[in-house]
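Structure, as structure tokens:
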Amino acid sequence: MAIAIKPRERDAILQSLRAGVVPRIGLQHIQVGRKDEVAAILSDLDRIAQDGATVRFIIGRYGSGKSFFLNLARMVALEKKFVVVQADISPDRRLHASGGQARSLYSELMHNMSAGAKRDGGALPGLVERWVSDVEFEAKETGGDPQKEIYRRLKPLQENVSGYDFATVVNKYVEGSQQGNDALMNASLRWLRAEYATKTEARQDLGVRSIIGDQDVYDYLKLMAAFVRLAGYAGLLVNVDEMGVLAQRLNSKSARDANYEMILRIFNDCLQGSVKGLGVVFAGTDTFMDDRRRGLASYEALATRLANNTFAIDDLRDYSAPVIRLKNLTVEDLYVLLHNIRQVYAAGDVSRYLVPDEALKAFIQHCAQTLGAEFYQTPRDAVKGFVGFLSVLEQNPGTDWQKLLGGINLQPSINPESLPVTEDDTQVPSNGEKDELATFRI
């Protein structure tokens with residue numbers, strides 16, 4: 001039985017696939033395969049909900065579905081009552097820096113916070129407001145003082161690094177809420193989103209003497225994980241995509257190593273039981289993981305921890321290991337994927353299918369001939385081509401799909417990592433980080 005697809009979901013899915021990016025909504029309509037990988041993430045979520053912590057590295061070729069898998073993990077986590085924050089690494093947003101780039105990453109994560117019914121980001125204000133309302137309601141029910149109850153519940157956070165300031169700012173939000181002071185509430189949210197650049201401004205608005213800076217990002221992610229659990233959620237899932245930027249676009253070895261050191265710290269903390277309620281998922285290309293000159297393999301402490309299980313050979317997989325390498329989709333999976341896209345295009349109405357089943361088989365054969373082995377390893381190009389194929393058929397009624405299919409020649413997308421480093425990419429970072437070879441002279 002066909003499932004009706006909402007126009008908003010249909011448009012979002014098709015527009016995203018046409019552009020070669022991952023839709024934020026409606027993933028359930030096009031998801032195929034990856035059962036073992038999803039099961040591994042579900043296992044991680046259960047561990048996090050039971051006061052544990054996890055770290056995963058999702059590794060695959062360019063266009064193999066890493067971002068799709070992250071969004072799928074996000075959707076699954078939201079269904080299991082997690083709070084999810086997600087952001088992409090870029091030269092201006094990274095895990096460690098001294099020029100505001102790490103703070104920028106944290107700010108992006110907080111802006112993209114999803115929780116409950118707020119699944120498209122911007123959930124932080126509602127998260128804080130809900131917690132405050134719940135505490136005040138429970139205090140009134142028991143005849144207690146709401147302000148004292150809020151302080152009591154926030155007190156455990158003060159035992160963490162930077163926890164006192166975090167609790168103080170949440171109290172400031174409560175104070176603003178009780179007084180109807182929107183300026184104080186907005187200032188509190190600005191601080192929680194790491195939008196204050198100077199301590200002076202934060203002290204003037206909130207009376208606190210610190211801000212979330214580059215060196216505090218991971219500590220505040222742990223604090224946010226503790227806070228969302230106070231608010232009644234199962235835990236915090238942090239999705240960080242485009243990790244390959246660290247290996248490919250950071251030309252300073254010291255800057256790369258500093259970021260890898262931060263990854264090592266997160267890895268050790270989460271897997272040694274030092275953190276509760278936090279899961280971190282990094283997604284990157286094979287180059288990011290395996291390049292012995294610039295990738296994680298160049299950082300010995302991580303290389304040994306993330307090495308492949310020597311017994312996982314001959315198609316045997318170990319999903320308990322921190323690294324999940326996305327395997328190629330099978331022909332059957334690709335057929336189901338094209339079927340699902342056709343279903344989305346028809347908004348779930350079988351009578352509106354633009355092409356018959358044999359067209360799906362013909363399209364797969366055509367892709368295999370024109371794209372070769374790349375088709376099975378990176379389905380992005382085939383998906384973009386198929387959406388374009390259906391678009392032309394829809395806008396030109398009566399067009400023979402067989403003739404149209406025989407006249408196109410799909411081209412693989414250019415992998416950004418295969419491009420030569422440009423002159424701009426080789427400039428010394430403005431924050432003063434220098435490669436030790438930059439000053440070498442013969």
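For residues 69-85, the set of pairs meeting the salt bridge (charged side-chain N to carboxylate O under 4.0 Å, His left out) definition, not counting sequence neighbours, comprises Asp46-Lys80, Glu79-Arg119.
Under 4.0 Å is where a charged nitrogen must lie from a carboxylate oxygen, and between Arg8 and Asp120 at least one such pair does. Comment: Glu358 does not engage Lys361 in a salt bridge, judged by the lack of any side-chain N to carboxylate O separation of less than 4.0 angstrom.
For Asp216 (side chain) and Ile212 (main-chain N/O), no donor-acceptor pair under 3.5 Å exists by modelled atom type. Side-chain N or O atoms of Asp286 include none that pairs as donor or acceptor with a backbone N or O of Ile59 at under 3.5 Å.
The aromatic ring centres of Phe82 and Tyr233 sit 6.0 Å or more apart.
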Report task. Output, in order, the C-alpha distance, side-chain angles, deciding distance and verdict of side chain to side chain contact (heavy atoms under 4.5 Å, CB included) for Met113 and Met224. Result -> CA-CA 11 Å; Met113 178 181 286; Met224 187 58 69; 4.1 Å; yes

Please lay out, stage by stage, how Ile150 and Trp131 fare under the test side chain to side chain contact (heavy atoms under 4.5 Å, CB included). CA-CA 9 Å; Ile150 288 171; Trp131 178 76; 3.7 Å; yes

Would Phe57 and Arg325 count as a side chain to side chain contact (heavy atoms under 4.5 Å, CB included) if you check the C-alpha gap in whole Å, the side-chain angles of each, and the deciding distance to 0.1 Å?
CA-CA 8 Å; Phe57 295 82; Arg325 295 183 183 267; over 6 Å; no

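The side chain to side chain contact (heavy atoms under 4.5 Å, CB included) test with Leu296 singles out one residue from Val323, Leu306, Asn259, and that residue is Leu306.
Under 3.5 Å, the side chains of His29 and Gln343 contain no donor-acceptor pair of N or O atoms.
Under the 6.0 Å distance and 45° angle rule, Arg305 does not count as a cation-pi partner of Phe267. Tyr345 carries Arg10 over the face of its six-membered ring, with the cationic atom under 6.0 Å from the centre and within 45° of the normal.
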Identify all side-chain donor-acceptor contacts of residues 166-176 below 3.5 Å with residues at least two apart in sequence or on another chain.
unit_1, atom_1, unit_2, atom_2, d
Thr168, OG1, Tyr164, O, 2.8
Asn171, ND2, Ala167, O, 3.4
Tyr173, OH, Glu129, OE1, 2.7

